[in-house]
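Written out below as structure tokens is the structure these notes cover.
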Amino acid sequence: MTLLTSVFAAIICTIIWYKNAPKNEMKLGILCWMFWGASLMWLVDAIFEYAELGAEYFSPAPADMLNDLFLGLSVVAFGLIIWLVILLIKDPKGIIKAALFKKKNA
Amino acid sequence: MACFLVAATEAVITTVATKIIEKKEKEQQELKVSFNGVKTEAAQKIPFSRKLKWLNRMLWGGSALLMFEHIWHGEIVPFFPFLTAASDPADAAQMIHEMTTVGVSMAALVTVVWLGIVGVTTLIEKRAEKEAKRLASSES
């Protein structure tokens, strides 16, 4: 469920990135790479788990599934927070700078 | 248990490599490409350091999100030795085994996928250049 959540997050981010390209004001590329990287890593985790459990891997207990979904959504929220921090620090639109500095009239 | 540490270590190495390559890279030459197959436009190839940044972002991002998962499962704690498995020799051996199997596979898969992306982008670049050459010769 965590893998599925991060894959969906990666797909949605990639679609939004492609729709807005070549503009990169929101730094969506960072979010795409981050979710794809995590998805690939969880895919490996899933393969190893499948090798251990076999077909049982595909029929988890409802409580485990719910916990994994909760974890997946929390991971997506954590990823969004990382992206937001990077976006505000890099400030590609100059919004933060404009809020911190007042332009002097010539 | 600590499988993400392998990918994080690779991320440190590739980030350092990116910085070194960035310093060594010369200004890219301008060339003609075709974006839509109809007309040619002046453009620049993206440098290799930028392609390496894609790998950095996948490795750092993936490691950060996996670290969150490990905190969630109580495998990482905010006090020494930080990894709960490290305090018990039997658990530590299992952790190292997991790092050498799952961790190495994770880092390898991310790298292989990145190599695939770099390969595909190189093909796209070559095709766009070829298309531009064909259009330029048909115009003249």
Considering only heavy atoms and a distance below 4.5 Å, find which of A:Phe78, A:Trp83, A:Phe35 pairs most often with chain B.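 Top option by heavy-atom pairs under 4.5 Å: A:Phe78.
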Working to the nearest 0.5 angstrom, can you tell me the gap between [X] [atom1] and [Y] [atom2]?
{"X": "B:Ser105", "Y": "A:Asp45", "atom1": "OG", "atom2": "CG", "answer": "10.5 Å"}
{"X": "A:Ile86", "Y": "B:Arg57", "atom1": "CD1", "atom2": "CZ", "answer": "8.0 Å"}
{"X": "A:Ile82", "Y": "B:Trp60", "atom1": "CD1", "atom2": "CH2", "answer": "11.5 Å"}

Quick one: do [X] and [Y] end up in the same hydrophobic cluster if we chain Ile, Leu, Val, Met, Phe, Trp and Tyr together by side-chain heavy atoms under 4.5 Å apart?
{"X": "A:Ile81", "Y": "A:Leu88", "answer": "no"}
{"X": "A:Leu31", "Y": "A:Ile12", "answer": "yes"}
{"X": "B:Ile21", "Y": "B:Ile46", "answer": "yes"}

Taking side chain as everything from C-beta outward and backbone as N, CA, C, O, which of these in B:Ile71 sits under 4.5 Å from a heavy atom of chain A? Side chain, backbone, both or neither. neither
Is it the side chain or the backbone of B:Val102 that comes within 4.5 Å of chain A heavy atoms, both, or neither? both
Looking only at non-hydrogen atoms, find the nearest pair between A:Val44 and B:Leu109 and report the distance.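 Distance-wise, the nearest heavy atoms are CG2-CD2, 3.5 Å.
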Closest non-hydrogen atom pair between A:Met41 and B:Met106, with its separation: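 What the structure gives for the nearest pair is O-CE, 3.1 Å.
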Checking heavy atoms, do the side chain of A:Ile47, its backbone, both or neither come under 4.5 Å from chain B? neither
Please look at A:Ser6 and chain B and tell me whether the side chain, the backbone, both or neither of the residue comes under 4.5 angstrom of a heavy atom of that chain. neither
Got a list of side-chain donor-acceptor pairs under 3.5 Å for residues 48-70 of chain A, not counting sequence neighbours?
from: A:Ser59; atom 1: OG; to: A:Glu56; atom 2: O; distance (Å): 3.4

Apply ring pair (Phe, Tyr, Trp, His ring centres under 6.0 Å) to A:Trp33 and list each qualifying residue two or more places apart in sequence or on a separate chain.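 Result, ring pair (Phe, Tyr, Trp, His ring centres under 6.0 Å) vs A:Trp33: B:Trp54.
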Choice from B:Leu59, B:Asn56, B:Leu55, B:Leu65 maximising heavy atom contacts with chain A below 4.5 Å: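 Maximum pair count with chain A is reached by B:Leu65.
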